[in-house]
Amino acid sequence: MKKPRHFISLLDLTGDELRQLIDRAMTLKHVRDHDYQPLKGQVLGMIFEKSSTRTRVSFETGMAHFGGHAVFLSPRDTQLGRGEPIADSAKVISRMVDCVMLRTHEHETVVKFTENSRVPVINGLTDREHPCQLLADMQTYFEHRGDIRGKTVAWIGDGNNMCHSYIHASMLLDFNLHIAAPKAYLPNSEIVALAGERVKFFDNTVDAAKDVDLVATDVWASMGQEDEQKLREIAFKDYQVDTKVMAAAKPDALFMHCLPAHRGEEVSADVIDGKQSVVFDEAENRLHSQKALLELLLCGNAKISLLND
Ligand code: CP
Ligand code: NVA
């Protein structure tokens, strides 16, 4: 049996593949051809062990556009929630569906699922990485400003799953990344080490944002960290993206946030609702970039070229 191609980390793509995928996502966004159904009859299983709005709606809609179908599975209603081993679940589910998207807590769960799956597995977010979001963020940057190579991005706040995937993006697309995070919430040092000189750390948000092309942030307490909310509000109080931070960036700098956002915590309302913010383009691009991803994992090149003719 041919080994399936998985997408559990942004590093599962090469830089060239990521650029091609972004290009393809931009084509798919502008060519809404309802006769183009490359995944007719195919099924995506979507396992959500955490909440979701964007990831669920974008994958489900993308499969429908492509003539396929998506099945929503939650631990509440499946045997996963009653302790069926992840390896057994992967063996069973992957004998029935054509692709699986998994959103879960430990990254190792996705790795284990992948090792036992006959079909491509997509990481829909783990505590360590959120690669699908970076496909959309990078598409959004390319749409508004062109190639990100050689540009500088400021990551403000938690050194979390999003921050890790930004580090991976900086490696693949060759941009500089400035990180301002409290000392106790820095990103994983092994992930940082992979990126070498591209990643630099700053003690305060304004210094990190000085002359950058893009400012990005995320919630102070991620899913699963709700008990730490109060503690984190104290630790992160000097890490809000506000107008002072945006004023330090280049005048045409963009602001991004994967959403959902907490106005008044990690970002002020005037920034997220202001002119430099592209957060809703980012959210929409989840749909287009994931359609490009599904094509890459599930279709042959012949099919992909159809829409380009
Ligand atoms: N950005 C993101 O992944 O959103 P959801 O949690 O709503 O899927
Ligand atoms: N860091 C956030 C991202 C949500 C899309 C979380 O993991 O909850």
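Counting starts at 1 for both ligands and their atoms, following the listed order. Because the structure is predicted, anything quoted here is derived from the model rather than measured. Only heavy atoms go into these numbers, but all of them, side chains included; no hydrogens, no water, no symmetry mates.
At least one N or O atom of L259 sits closer than 3.5 Å to an N or O atom of ligand 1. In terms of polar-atom proximity, defined here as any N/O pair under 3.5 Å, H130 makes no such contact with ligand 2. Of the N or O atoms in Q133, one or more lie within a sub-3.5 Å distance of an N or O in ligand 1. At least one N or O atom of S222 sits closer than 3.5 Å to an N or O atom of ligand 2.
Side-chain N or O atoms of T78 include one that pairs as donor or acceptor with a backbone N or O of S74 at under 3.5 Å. H178 contributes no side-chain N or O that, together with a main-chain N or O of F202, makes up a donor-acceptor pair within less than 3.5 Å. With hydrogens and angles ignored, the 3.5 Å screen pairs a side-chain donor or acceptor of N160 with a backbone N or O of C163.
Atoms of ligand 2 lying under 4.0 Å from at least one heavy atom of L259, given by number and element, are 5 (C). Shown in contact with C258 at under 4.0 Å from a heavy atom are these atoms of ligand 1, numbered in order with element: 1 (N). Which parts of ligand 1 touch T53 is read off a 4.0 Å heavy-atom cut-off, strictly below it: atoms 5 (P), 7 (O), 8 (O).
Counting heavy atoms only, L125 comes closest to atom 4 (C) of ligand 2 of the residues N161, D127, L125.
Ring pair Y166/W155 is tilted by interplanar angle, where 30° to 60° counts as tilted.
Ion pair D252/K275 not flagged as a salt bridge, since none of the NZ, NE, NH1 or NH2 atoms sits closer than 4.0 Å to an Asp/Glu carboxylate oxygen.
One finds the CZ atom of R286 at 14.5 Å from the NZ atom of K291 (value rounded to the nearest 0.5 Å). A distance of 11.0 Å separates NE2 of H65 from OG of S58, quoted to the nearest 0.5 Å.
Residue R103 places a heavy atom less than 4.0 Å from ligand 1.
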